[in-house]
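Below: the structure, in structure tokens.
Here is how names work: the chains are called A, B, and so on, in the same order as the sequence lines, proteins then strands, and each is numbered from 1.
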Amino acid sequence: MAEEKTTVENTPRTNFIREIVDEHLQTNRYGGKVVTRFPPEPNGYLHIGHAKSICLNFGIARDYNGKCNLRFDDTNPTKEEQEYVDSILEDVRWLGFQWDGLYYASDYFEQLYEFALRLIKKGKAFVCDLTADQIREYRGTPTEPGTESPYRNRSVDENLDLFTRMRAGEFLDGARTLRAKIDMTSPNFNMRDPVMYRILRATHHRTGDVWCIYPTYDWAHGQSDSIEGITNSVCTLEFEIHRPLYDWFLDELGIHHPQQTEFARLNLSYTMMSKRRLLQLVEEGLVNSWNDPRMPSISGFRRRGYTPESIRSFADRIGVSKREYIQDVTVLEDCLREDLNARAPRVMAVLRPLKIVIENYPDGQAEELEAVNNPEDTAAGVRKVPFSKVLYIEQDDFREAPPKKYFRLSPGSEVRLRYAYIIKCVGVVKDEKTGEVIELRCTYDPETRSGSAQSSRKVKSTIHWVSATHALNAEVRLYDRLFTVEEPGGEDWKQLINPHSLEVVKSCKVEPSLANANVQDRFQFERLGYFCVDDDSKPGALVFNRAVTLRDTWAKIEKK
RNA sequence: UGCCCCGUCGUCUAAUGGUAAGACGGCAGACUCUGGAUCUGCUUAUUGAGGUUCGAAUCCUUACGGGGCAGCCA
């Protein structure tokens, strides 16, 4: 039965898969046990789509007091690598899940072989000498039934002999296969005598060169589920048509029979989710690495500054169904904002500095002003921020000719400097040659210091700033969506890559409290967004990634 | 045009024969020392046609639309 939820972000609504579990419990189909599994193939890095599956499978195990295994579906040695195994392990853990069993389909190769022998003896599998091309021809078409292989009726003894010799390495790669004997006239191609084993001399990342025959997905998956006592084998829609075969193998073997259930995979707007194409992005240098913060990989999101909580919350919010869909990426972004709004310390940082001089502030004077670390969390406390005569503000917070509804600084106008004083712009210094504004002359009102008795005077807006002499330099990497269209696809998908997906801004100025920030620390840069210390960051050479912007009402107004 | 799956606000998800609900987005407004956060209001949906029923998003039939399936990939 469902347990009480323990955390705020993990309050999943029910879904049709949980309802199936409920039904199993009610009918006692699996003796009250709930066992799921997450079965990645180690041929690439995990992405946000996998996160949906991970949260689903591990979430069910958690909420039903069951178990969830992590099992690598490593039946194709030509594509799989230890590097991927390692990254998957790390990503699942980072997402906050602990597997009950850690298994590999390759652990079961011997058992699978025994099972195959059983089917052969039952007359339900045979060794076929047809080539790959011939098998395809014999398979028929959607409207025409297939043709039975001429090798279909070999004797059990001959099949046993041949299959043993396949394993022993007596035949060339691709020379023979072991096939299930089902029904070449089935409207479901998967039932037209599907291949169970192929001869393949490739070094497996775990079993090395011990095997030269490898089980296919269909043959390995269900039986692996059965061996582990899985009750609910949850997979994506494309395996729906494989379910009759999944069931057939288990029934013929007469072993524990999990329930396969399919759900719609995650598609995110403006995001590429194809593993193959993500690999291409990396290999062709279109992004810097698998964990490039623009990548939808778990490691990419991690580096960018996403929290495991936000991703879990996302998985809960989007739900599970059988309907193919494209999820709006803004939902994911909102999940991050929601999480970081509650937790991230606030800090002041100026991305594109504009120097201002407070003319009536004493030369050489500095004072420490108190700033709130997180207005959403009083326990986060306060810190001191240095203030002095020369400051930097955001270039964007000044307009010489302010448009309507522009509340910030302009010649003659007043704004509050966050946690400091109200200032007035009294002069604009421009570069003689370019006409560019290079400095602002301002005055401050000493009566308006934040927190003081007379500080309640209202001005239209409050802007962030840093003290020029105290500020730290930093590099900030601004990310935008990797693709320019909602649904990047088709053959020319690479043309759809957003040329502005990364903007590196050097010579940013950040408040001195950031001196000791560590890699992966996350902050809200007030009025700008949430930022995360990048892997490349070093003391004295800070590098931040923008994980997500704040909601920007002004940007909307100005767009109109 | 063989078989299988799926059609609910712009986008997702819910409603399990009994008032079509929530989230994100959008649009207004309130509040605010973050144009942040928060709060309020508004917007908009059951693919069509038949049928069963007192009553249908839900069950049946059918049409239409979308997706999938002919790897010795998973």
Requested in this report: Round to the nearest Å and state the distance from A:Arg192 atom CZ to B:rG71 atom P.
Outcome: 11 Å
Query - Spacing of A:Tyr217 atom OH relative to B:rC69 atom C1', expressed in whole Å - result: 14 Å
Query raised in the report: Under 6.0 Å between ring centres, would you say that holds for A:Phe407 and A:Trp554?
Result: no
Query raised in the report: On the ring face of A:Tyr246, is A:Arg243 found with NZ or CZ under 6.0 Å from the centre and within 45° of the axis?
Result: no
Query - Integer-rounded Å distance: B:rC3 C1' and A:Leu245 CG - result: 16 Å
Query raised in the report: When rounded to the nearest Å, what value does the distance between P atoms of B:rU38 and B:rG18 take?
Result: 35 Å
Requested in this report: Indicate, with yes or no, if the rings of A:Tyr197 and A:Tyr214 have centres closer together than 6.0 Å.
Outcome: no
Query raised in the report: Touch check for A:Arg346, heavy atoms < 4.0 angstrom, all strands: base, sugar-phosphate only, or nothing?
Result: base
Report task. For B:rA30 versus B:rU11, give the span between their P atoms, rounded off to a whole number of Å. Result -> 31 Å
Report task. List the steps and the verdict of ring-ring contact (aromatic ring centres under 6.0 Å, His included) for A:Phe531 and A:Phe544. Result -> CA-CA 6 Å; A:Phe531 294 75; A:Phe544 293 92; 7.2 Å; no
Query raised in the report: With nearest nucleotides of RNA chain B determined for A:Thr553 and A:Ala264 from heavy-atom distances, which residue corresponds to the more 5′ nucleotide?
Result: A:Ala264
Requested in this report: Determine the contact category for A:Gly451: base if any of its heavy atoms lies under 4.0 Å from a base atom, sugar-phosphate if only primed atoms, P, OP1 or OP2 are that close, otherwise nothing.
Outcome: base
Query - Basic-acidic side-chain contact under 4.0 Å: A:Arg206, A:Glu80 - result: no
Query raised in the report: Across the strands shown, which category fits A:Pro40 at heavy-atom distances under 4.0 angstrom: base, sugar-phosphate, nothing?
Result: nothing
Report task. Identify whether any heavy atom of A:Phe407 sits under 4.0 Å from a base atom; if not, whether one sits that close to sugar-phosphate; answer base, sugar-phosphate or nothing. Result -> base
Report summary line: Separation of B:rG68 atom P from A:Asn190 atom CG, nearest Å, is 16 Å
Query raised in the report: What interatomic distance, in whole Å, is found between P of B:rA28 and the corresponding atom of B:rC64?
Result: 43 Å
Report summary line: Per atom distances to the A:Arg527 side chain, the nearest of B:rG68, B:rC72, B:rU34 is B:rU34
Query raised in the report: Under 4.0 Å between a side-chain N or O of A:Arg243 and OP1 or OP2 of B:rC4?
Result: no
Requested in this report: Just call it for A:Asn188: base, sugar-phosphate, or nothing, with non-hydrogen atoms closer than 4.0 Å on any strand.
Outcome: nothing
Report task. Can you tell me, in whole Å, how much space there is between the P of B:rA20 and that of B:rA56? Result -> 12 Å
Query raised in the report: Starting at NZ of A:Lys458 and ending at C1' of B:rG35, how long is that distance when rounded to a whole Å?
Result: 15 Å
**Report entry** B:rA74 to B:rU61 separation - P atoms, rounded to the nearest Å
**Finding:** 37 Å
Requested in this report: Might you point out which heavy atoms bring A:Asn188 and A:Ile241 nearest each other, and give the distance in Å?
Outcome: ND2-O, 2.8 Å
**Report entry** Atom C1', compared across B:rG35 and B:rA45: separation rounded to whole Å
**Finding:** 33 Å
Query raised in the report: If we take the C1' atom in both B:rU43 and B:rU47, what is their distance in whole Å?
Result: 22 Å
Requested in this report: Please check the phosphate of B:rA74 (OP1 and OP2 only) for any side-chain N or O of A:Arg198 closer than 4.0 Å.
Outcome: yes
Query raised in the report: Does a donor on one side chain and an acceptor on the other come within less than 3.5 Å for A:Glu333 and A:Tyr306?
Result: no
Report task. Write down the distance between CD (A:Glu238) and P (B:rC6), rounded to a whole number of angstrom. Result -> 15 Å
Query raised in the report: Expressed as a whole number of Å, how far does the P atom of B:rG55 sit from that of B:rC3?
Result: 34 Å
Query raised in the report: Does any donor-acceptor pair link the side chain of A:Glu376 with the base of B:rG36 at a separation under 3.5 Å?
Result: yes
Query raised in the report: Is there a donor-acceptor contact under 3.5 Å linking the side chains of A:Thr216 and A:Asp218?
Result: no
Query - Protein-nucleotide distance (A:Ile88, atom CD1; B:rA74, atom P), rounded to Å - result: 15 Å
Report summary line: Closest of B:rG35, B:rC72, B:rC12 to the A:Ile326 side chain is B:rC12
Query raised in the report: On a plain distance test, is the side chain of A:Arg337 in donor-acceptor contact with the base of B:rG36 below 3.5 Å?
Result: no
Query - Side chain of A:Phe189 (C-beta onward), nearest among B:rG67, B:rG2, B:rU13 - result: B:rG2
Query raised in the report: Since syn is defined as within 90° of 0, does B:rG71 count as syn or as anti?
Result: syn
Requested in this report: Could you say whether A:Arg416 or A:Arg317 is positioned toward the 5' end of RNA chain B, judged by the nucleotide with the nearest heavy atom to each?
Outcome: A:Arg317
Query raised in the report: With a 4.0 Å cut-off on heavy atoms, is A:Ile422 in touch with a base, just the backbone sugar-phosphate, or nothing at all?
Result: nothing
Requested in this report: With rounding to the nearest 0.5 Å, note down the distance linking CG in A:Asp173 to CZ in A:Arg201.
Outcome: 5.0 Å
Query raised in the report: So what does A:Thr177 touch, heavy atoms closer than 4.0 Å: a base, only the sugar-phosphate, or nothing?
Result: base
**Report entry** Nearest-Å distance for atom pair NZ/C1', residues A:Lys556 and B:rA28
**Finding:** 12 Å
Query - Ring centroids of A:Phe239 and B:rA74 base under 5.5 Å with planes under 30° - result: no
Report task. Only stems of 3 or more consecutive Watson-Crick or G-U pairs count here, both distances under 3.5 Å; name the ones for RNA chain B, or none. Result -> B:2-7 with B:64-69, B:10-13 with B:21-24, B:26-30 with B:38-42, B:47-51 with B:59-63
Report task. For the pair A:Val385 and A:Glu370, evaluate side chain to side chain contact (heavy atoms under 4.5 Å, CB included) and give the outcome as yes or no after the intermediate values. Result -> CA-CA 6 Å; A:Val385 182; A:Glu370 189 172 279; over 6 Å; no
